[in-house]
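I have placed the structure first, in the form of structure tokens, so that the comments after it can refer back to it.
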Amino acid sequence: MIVIKLGGSVITDKEKDSHFNKRITYRLAEEIASAGKKALIVHGAGSFGHPQAKRYRLNEGFVDKKRQVEGISLTHFSVRVLNLKVMEALRHAGIPAVSIPPFPFIDESFIEKAKVAVKDGLVPVTFGDVVLDGNVSIISGDILMEIFAREFEVERAIFVTNVDGIYEDPERKDSLIKECTVKELEKVFFKGNAGADVTSGMAGKVKSIKEIAYSGVEVDVINGRKPGRLKDAINGIVAGTRVRKNE
Ligand code: IP8
């Protein structure tokens with residue numbers, strides 16, 4: 001089984017509020033379908049969640065509850081709109097996908113629901129969302145990748161992004177890390193590229209990647225804008241960054 005995250009920066013245009021990259025998402029769905037492996041799918045929120053969550057400061061907890069209630073509803077609505085679009089793409093490619101939203105919170109039943117779906121031959125799809133965990137917060141798709149990698153027998157985790165992989169220095173094109181151990185990744189310092197992102201961009205992602213590799217699952221980071229790379233990665237051929245699992 002493979003766990004795949006379709007990053008918000010690939011399936012949406014982060015520069016424009018609520019803009020879905022339909023052509024790319026449909027192609028990625030075709031690549032997943034044609035690779036023919038069992039999969040669990042997570043997707044990011046991109047411009048369907050980050051600007052909304054930021055506007056209402058949902059990543060800061062309850063700071064102005066009266067106003068934030070509208071923000072919670074809007075953000076959850078927006079990520080669900082995106083989820084439906086992703087579901088359409090997956091179903092168009094012939095993938096028997098079913099949606100399992102994190103809202104209102106993640107507990108054991110979340111994993112149980114995903115397990116039941118997998119057992120019956122369905123492909124669970126979840127996504128970064130707003131959650132009410134006694135307070136208000138944002139759960140990133142990266143954390144959901146950690147949960148899936150831990151709870152299922154996963155062979156590989158693939159992060160589909162809009163860059164070629166993990167760079168030691170994002171400003172230096174020649175610093176792409178092609179393959180490394182999780183221990184080597186520890187030595188790389190990531191500045192983070194927060195921008196419009198409420199879940200810390202690449203720095204947050206690397207934290208999750210390390211967790212997954214430490215839990216014994218190999219992680220690949222690839223560029224989803226380059227046709228064929230996702231299908232190849234599912235089949236074990238990575239053009240990007242491969243983080244070897246901790247053995
Ligand atoms: O794009 C963020 O999920 P991510 C979820 O996977 C929201 O980091 C609602 C901003």
Side-chain angles (χ1 to χ4, degrees), residues 3-21 24-25 28 40-63 67-87 89 99-106 110 114 124-133 135-149 157-163 166 190 192-212 219 221-225 230:
V3 54
I4 301 164
K5 182 183 178 196
L6 301 175
S9 58
V10 191
I11 61 171
T12 79
D13 185 338
K14 281 195 151 179
E15 302 302 314
K16 302 176 197 147
D17 253 28
S18 302
H19 183 95
F20 179 55
N21 284 337
I24 294 178
T25 310
L28 292 171
L40 301 164
I41 299 172
V42 176
H43 66 79
S47 61
F48 286 77
H50 287 273
Q52 297 79 354
K54 194 172 189 182
R55 206 174 304 142
Y56 289 91
R57 300 169 64 188
L58 302 184
N59 54 327
E60 297 174 39
F62 280 124
V63 287
R67 185 172 169 270
Q68 284 175 305
V69 164
E70 163 56 15
I72 293 166
S73 168
L74 172 68
T75 304
H76 180 62
F77 171 75
S78 302
V79 291
R80 296 222 47 160
V81 168
L82 174 61
N83 177 248
L84 271 186
K85 292 177 190 292
V86 173
M87 299 305 284
S99 183
I100 307 183
F103 187 85
F105 50 79
I106 298 277
F110 174 78
V125 182
T126 192
F127 47 87
D129 201 350
V130 55
V131 283
L132 298 172
D133 48 3
N135 206 320
V136 60
S137 65
I138 296 296
I139 183 154
S140 165
D142 299 339
I143 302 291
L144 296 163
M145 289 286 281
E146 288 180 35
I147 296 174
F148 274 172
I158 303 172
F159 285 83
V160 184
T161 70
N162 67 343
V163 288
I166 305 173
F190 294 94
N193 55 339
D197 205 320
V198 290
T199 51
S200 325
M202 189 54 102
K205 198 175 302 304
V206 168
K207 218 165 154 238
S208 294
I209 289 170
K210 286 192 232 166
E211 282 300 320
I212 296 170
V219 186
V221 183
I222 57 153
N223 191 340
R225 290 177 185 265
L230 176 55

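For clarity, every value in this text was computed on a predicted model and none was experimentally measured. All values below come from the heavy atoms of this structure, side chains included, with hydrogens, waters and symmetry mates left out. Each ligand, and each atom within it, is numbered from 1 in the order the structure gives.
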Report task. Just say parallel, tilted or perpendicular for the rings of His43 and Phe127, cut-offs at 30° and 60°. Result -> parallel
Give every pair formed by an N or O atom of ligand 1 and a protein N or O atom closer than 3.5 Å, one pair per line with both atom names and the distance to 0.1 Å, or write none.
unit_1: ligand 1; atom_1: 1 (O); unit_2: Ala45; atom_2: N; d: 2.9
unit_1: ligand 1; atom_1: 1 (O); unit_2: His50; atom_2: NE2; d: 2.8
unit_1: ligand 1; atom_1: 6 (O); unit_2: Lys5; atom_2: NZ; d: 2.8
unit_1: ligand 1; atom_1: 6 (O); unit_2: Ser140; atom_2: OG; d: 3.4
unit_1: ligand 1; atom_1: 6 (O); unit_2: Gly141; atom_2: N; d: 2.7
unit_1: ligand 1; atom_1: 8 (O); unit_2: Ser140; atom_2: OG; d: 3.0
unit_1: ligand 1; atom_1: 8 (O); unit_2: Thr199; atom_2: OG1; d: 2.6

Query - Stepwise side-chain contact (heavy atoms from CB on, under 4.5 Å) test for Asp142 and Glu146 - result: CA-CA 7 Å; Asp142 299 339; Glu146 288 180 35; 5.7 Å; no
Query raised in the report: Among Thr126, Leu144, Ile143, which one satisfies side chain to side chain contact (heavy atoms under 4.5 Å, CB included) with Ile106?
Result: Leu144
Query raised in the report: Below 4.5 Å, heavy atoms only, C-beta onward: do Met145 and Ser208 meet side chain to side chain?
Result: no
Query raised in the report: Can Arg225 and Asn21 be said to form a side-chain contact (heavy atoms from CB on, under 4.5 Å), step by step?
Result: CA-CA 10 Å; Arg225 290 177 185 265; Asn21 284 337; 3.9 Å; yes
Query - Arg57: partners by salt bridge (charged side-chain N to carboxylate O under 4.0 Å, His left out), with sequence neighbours left out - result: Glu60
